[in-house]
Visitor: 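Please read through the structure below; I'll follow up with questions.
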Amino acid sequence: MLRGWLVRHTRRVDVSDQIVEPVVEWFDEAARDLPWRRPECSPWGVLVSEFMLQQTPVSRVLEPWRRWLERWPVPAALAAEPAGEAIRAWGRLGYPRRAMRLHAAAVAITEQHDGQVPSDHRQLLELPGVGSYTAAAIASFAFGQRQVVLDTNVRRVLGRLLDGTALPGPTPTRGEYARAEALLPDEPALAARWAAASMELGALVCTAKRPECSRCPVIEICAWHAAGTPDNAVPRRGQGYAGTDRQCRGAILRVLRESEEPVSAAQIDLAWPEPVQRERALQSLIADGLVVATSLEYRLP
DNA sequence: GAGCCGTGGTA
DNA sequence: TTACCAAGGCT
């Protein structure tokens, strides 16, 4: 796949002319004014946004992010508080383990990096909750580095442009990384711009559901569009939610989140009717460190 | 590597 | 209404 693509694009200048330049120019006009993109936003602000944006839409992140940075403007401020405060402030963003990991990352930054978010990709990867994507995103957006930022938006955009596939597979392949690396401009500043621009194109125009191809700056070279935007995505196994342990865990944690005091077992019981699943979910929350069990009560860590 | 981990909006 | 989707990471 990559090889065939390289045959068609043997010179990087062609790639830049045909893809990078139009997309970056489009970005200059169409980019949303998001607070974590503003020049005055700190690397910590970028890091917090990336944690919150993992599997959660921008619209739901804006307000919690603002309050978070207001309360904890630097990593050390968050690190000085119990993890339970992070879980509580996380509210209903979902996947509350991200709040735990963000707190743990703040502790690591405070203790091991003198309170400064590291700029090195490798050091970023060491932080809890920071994987391949998030490390690259922070290094690129907060520090202007040349990084392969391969999120689901970029994967969808490149898959459509170069492969003619409607949606990317479940996990990024080596070929996708190699291709994204080949596309990446040499100049760090332009590479960072491209990273943000390609993500934005996926978020605003080349969307999963209803792409607006008429607004696309690279429609002429898009393989998917040339093929008639076929629905050729391999069907995914939906995970479902109603009645699952995840929903049960969410119901239990909500009770704890909304109580300033430890709660009794009887209060937990009210959160979910089915006792076996309820107990299993509660134990899993304790095992994950999201809930602490005392002799007679339960509380956030 | 497949499965798990929350929540709310949208068609 | 059900199903899918939204800037992933971890085991």
Side-chain angles (χ1 to χ4, degrees), chain A residues 27 31-32 34-37 45-65 87 90-102 104-105 124-142 147-157 166-174 176 180 192 195-204 206-211 231 233-257 271-272 277 280-281 284-285 287-291:
Chain A
F27 185 62
R32 291 168 291 180
L34 301 175
W36 44 84
R37 283 181 180 161
V46 173
L47 184 149
V48 172
S49 79
E50 291 302 335
F51 271 73
M52 290 184 169
L53 288 164
Q54 289 169 3
Q55 302 289 284
T56 302
V58 166
S59 60
R60 290 178 51 205
V61 164
L62 287 168
E63 184 56 22
W65 181 89
I87 296 170
W90 198 254
R92 311 199 65 175
L93 280 178
Y95 291 144
R97 290 194 291 191
R98 289 183 296 163
M100 285 266 301
R101 292 169 184 157
L102 179 50
L124 286 165
L125 263 184
E126 297 294 321
L127 298 174
V130 176
S132 174
Y133 161 76
T134 302
I138 295 169
S140 180
F141 301 152
Q147 297 282 343
V148 175
V149 181
L150 198 61
D151 79 323
T152 186
N153 286 305
V154 178
R155 295 182 61 220
R156 184 174 58 250
V157 167
L167 295 174
T171 53
T173 65
R174 279 203 164 81
E176 287 182 75
S198 53
M199 284 179 63
E200 191 78 334
L201 185 64
L204 297 184
C206 194
T207 54
K209 280 189 175 177
R210 292 184 158 197
D231 181 14
V234 293
R236 290 204 195 188
R237 179 168 299 284
Q239 291 190 355
Y241 184 61
T244 60
D245 284 10
R246 293 161 73 186
Q247 186 183 30
C248 182
R249 283 164 56 105
I252 293 172
L253 202 57
R254 181 173 188 172
V255 172
L256 292 169
R257 210 195 296 127
W272 195 262
Q277 186 177 34
R280 182 173 66 238
S284 75
L285 286 167
D288 287 346
L290 286 161
V291 173

Visitor: Do any side-chain atoms of residues 242-252 of chain A form donor-acceptor pairs under 3.5 angstrom with protein atoms, and if so which ones, sequence neighbours left out?
Guide:
| unit_1 | atom_1 | unit_2 | atom_2 | d |
| --- | --- | --- | --- | --- |
| Thr244(A) | OG1 | Tyr241(A) | O | 2.6 |
| Thr244(A) | OG1 | Arg246(A) | N | 3.4 |
| Thr244(A) | OG1 | Gln247(A) | N | 3.3 |
| Asp245(A) | OD1 | Gln277(A) | NE2 | 2.8 |
| Asp245(A) | OD1 | Arg280(A) | NH2 | 2.8 |
| Asp245(A) | OD2 | Arg280(A) | NE | 2.8 |
| Asp245(A) | OD2 | Arg280(A) | NH2 | 3.4 |
| Arg246(A) | NH1 | Gln239(A) | OE1 | 2.7 |
| Arg246(A) | NH2 | Tyr95(A) | OH | 2.9 |
| Gln247(A) | OE1 | Gly243(A) | N | 2.6 |
| Arg249(A) | NH1 | Ser284(A) | OG | 2.8 |
| Arg249(A) | NH1 | Asp288(A) | OD2 | 2.9 |
| Arg249(A) | NH2 | Asp288(A) | OD2 | 2.9 |

Visitor: With rounding to the closest Å, how many angstrom separate the C1' atoms on dA6(C) and dG1(B)?
Guide: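 One C1' to the other, the span is 23 Å.
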Visitor: Of all the nucleotides listed (dG6(B), dA7(C), dG9(C)), which has the minimum atom distance to the side chain of Thr134(A)?
Guide: dG9(C)
Visitor: From CZ of Arg155(A) over to C1' of dC5(C), roughly how many Å is that when rounded to an integer?
Guide: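 For the pair Arg155(A) CZ and dC5(C) C1', the rounded distance is 15 Å.
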Visitor: Side chains of Tyr133(A) and Gln54(A): do they bring a donor and an acceptor to under 3.5 Å?
Guide: no
Visitor: Quick one: Arg249(A) CZ to dC4(B) C1', roughly how many Å, whole number?
Guide: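 The answer, rounded to whole Å, is 9 Å.
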Visitor: I want to check one thing: is the phosphate of dG9(C), taken as OP1 and OP2, less than 4.0 Å away from some side-chain N or O of Tyr133(A)?
Guide: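 Looking at the OP1 and OP2 atoms of dG9(C), neither is under 4.0 Å from any side-chain N or O of Tyr133(A).
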Visitor: Ignoring hydrogens and geometry beyond distance, is the side chain of Thr56(A) in donor-acceptor contact with the base of dG6(B) at under 3.5 Å?
Guide: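 Counting by modelled atom types and ignoring angles, a donor-acceptor contact under 3.5 Å is found here.
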Visitor: In the structure I gave you, are the side-chain heavy atoms of Met52(A) and Trp36(A) within less than 4.5 Å of one another anywhere?
Guide: no
Visitor: So, does Arg98(A) use its side chain to make a donor-acceptor pair with the main chain of Leu93(A) at under 3.5 Å?
Guide: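 Answer holds: yes.
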Visitor: NA contact type, Ala137(A), heavy-atom cut-off 4.0 Å: base, sugar-phosphate, or nothing?
Guide: nothing
Visitor: Round to the nearest Å and state the distance from Lys209(A) atom NZ to dT2(C) atom P.
Guide: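 My rounded result for the distance is 16 Å.
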Visitor: Identify which nucleotide among dT7(B), dA6(C), dG8(C) has an atom closest to any side-chain atom of Arg156(A), counting heavy atoms from C-beta outward.
Guide: dA6(C)
Visitor: Does the side chain of Asn153(A) reach to within under 4.5 Å of the side chain of Leu201(A), using non-hydrogen atoms?
Guide: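 Counting from C-beta outward, Asn153(A) and Leu201(A) never come under 4.5 Å.
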Visitor: Between Arg60(A) and Arg101(A), who's closer to the 5' end of DNA chain C by nearest nucleotide?
Guide: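 Whichever sits nearer the 5' end wins; that is Arg60(A).
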Visitor: With a 4.0 Å cut-off on heavy atoms, is Gly94(A) in touch with a base, just the backbone sugar-phosphate, or nothing at all?
Guide: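 Gly94(A): base contact, heavy atoms under 4.0 Å.
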Visitor: On DNA chain B, check which nucleotide each of Thr171(A) and Leu253(A) is closest to and give me the residue with the more 5' one.
Guide: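 Looking at the nearest nucleotide for each, Thr171(A) comes out on the 5' side.
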Visitor: Checking the side chain of Glu50(A) only, and the main-chain atoms of Leu47(A) only, is there a donor and an acceptor separated by less than 3.5 Å?
Guide: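 Not confirmed, Glu50(A) side chain does not pair with Leu47(A) backbone.
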Visitor: Counting side-chain heavy atoms from C-beta on, which of dA7(C), dT7(B), dA6(C) comes nearest to Val58(A)?
Guide: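 Among the listed nucleotides, the one closest to the side chain of Val58(A) is dA7(C).
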Visitor: Over all strands shown, is Thr152(A) touching base, sugar-phosphate only, or nothing at heavy-atom distances under 4.0 angstrom?
Guide: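 Sugar-phosphate only.
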Visitor: For Leu102(A) and dG8(C), give me the distance from atom CG to atom P, rounded to whole Å.
Guide: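 My rounded result for the distance is 16 Å.
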Visitor: In whole angstrom, what separates Asp151(A)'s CG from dA6(C)'s C1'?
Guide: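 Rounding to the nearest Å, CG of Asp151(A) and C1' of dA6(C) are 11 Å apart.
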Visitor: The criterion is side chain to side chain contact (heavy atoms under 4.5 Å, CB included); which residues satisfy it with Ser132(A), sequence neighbours excluded?
Guide: Tyr177(A)
Visitor: With heavy atoms under 4.0 Å as the rule, sort Ser132(A) into base, sugar-phosphate or nothing.
Guide: sugar-phosphate
Visitor: Starting from the 5' end of DNA chain B, give me the residue, Leu285(A) or Arg210(A), whose nearest nucleotide shows up first.
Guide: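 Final value for this comparison: Leu285(A).
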Visitor: Is there, by distance only and without an angle test, a donor paired with an acceptor across the side chain of Arg246(A) and the base of dG6(B) below 3.5 Å?
Guide: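 Side chain to base: pair present.
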Visitor: Taking dA7(C) as the reference, what is the distance to dC4(B) when you measure between their P atoms (whole Å, please)?
Guide: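 Pairwise P distance, dC4(B) against dA7(C), rounds to 23 Å.
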Visitor: Rounded to whole Å, how long is the line connecting atom CD of Glu126(A) with atom P of dC10(C)?
Guide: 11 Å
Visitor: Residues from residues 46-55 of chain A sitting under 4.0 Å of DNA chain C, heavy atoms only?
Guide: Glu50(A), Leu53(A), Gln54(A), Gln55(A)
Visitor: Which part of the nucleic acid, if any, lies within reach of Trp36(A) when heavy atoms closer than 4.0 Å are counted: base, sugar-phosphate only, or nothing?
Guide: base
Visitor: Taking the side chain from Arg257(A) and the backbone from Gly91(A), do they hold a donor-acceptor pair closer than 3.5 Å?
Guide: yes
Visitor: For atom CZ of Arg32(A), decide whether the heavy atoms of other residues, nucleotides or ligands shown that lie under 6.0 angstrom number more than 12.
Guide: yes
Visitor: Does the side chain of Arg97(A) get closer than 4.0 angstrom to OP1 or OP2 of dG9(C) through an N or O atom?
Guide: no
Visitor: In whole Å, I'd like the distance from the CH2 atom of Trp65(A) to the P atom of dA7(C).
Guide: 19 Å
Visitor: What interatomic distance, in whole Å, is found between P of dG8(B) and the corresponding atom of dG9(C)?
Guide: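 Nearest-Å result for dG9(C) against dG8(B) at atom P: 23 Å.
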Visitor: Could you check how far OH of Tyr95(A) sits from P of dT7(B), rounded to whole Å?
Guide: 10 Å
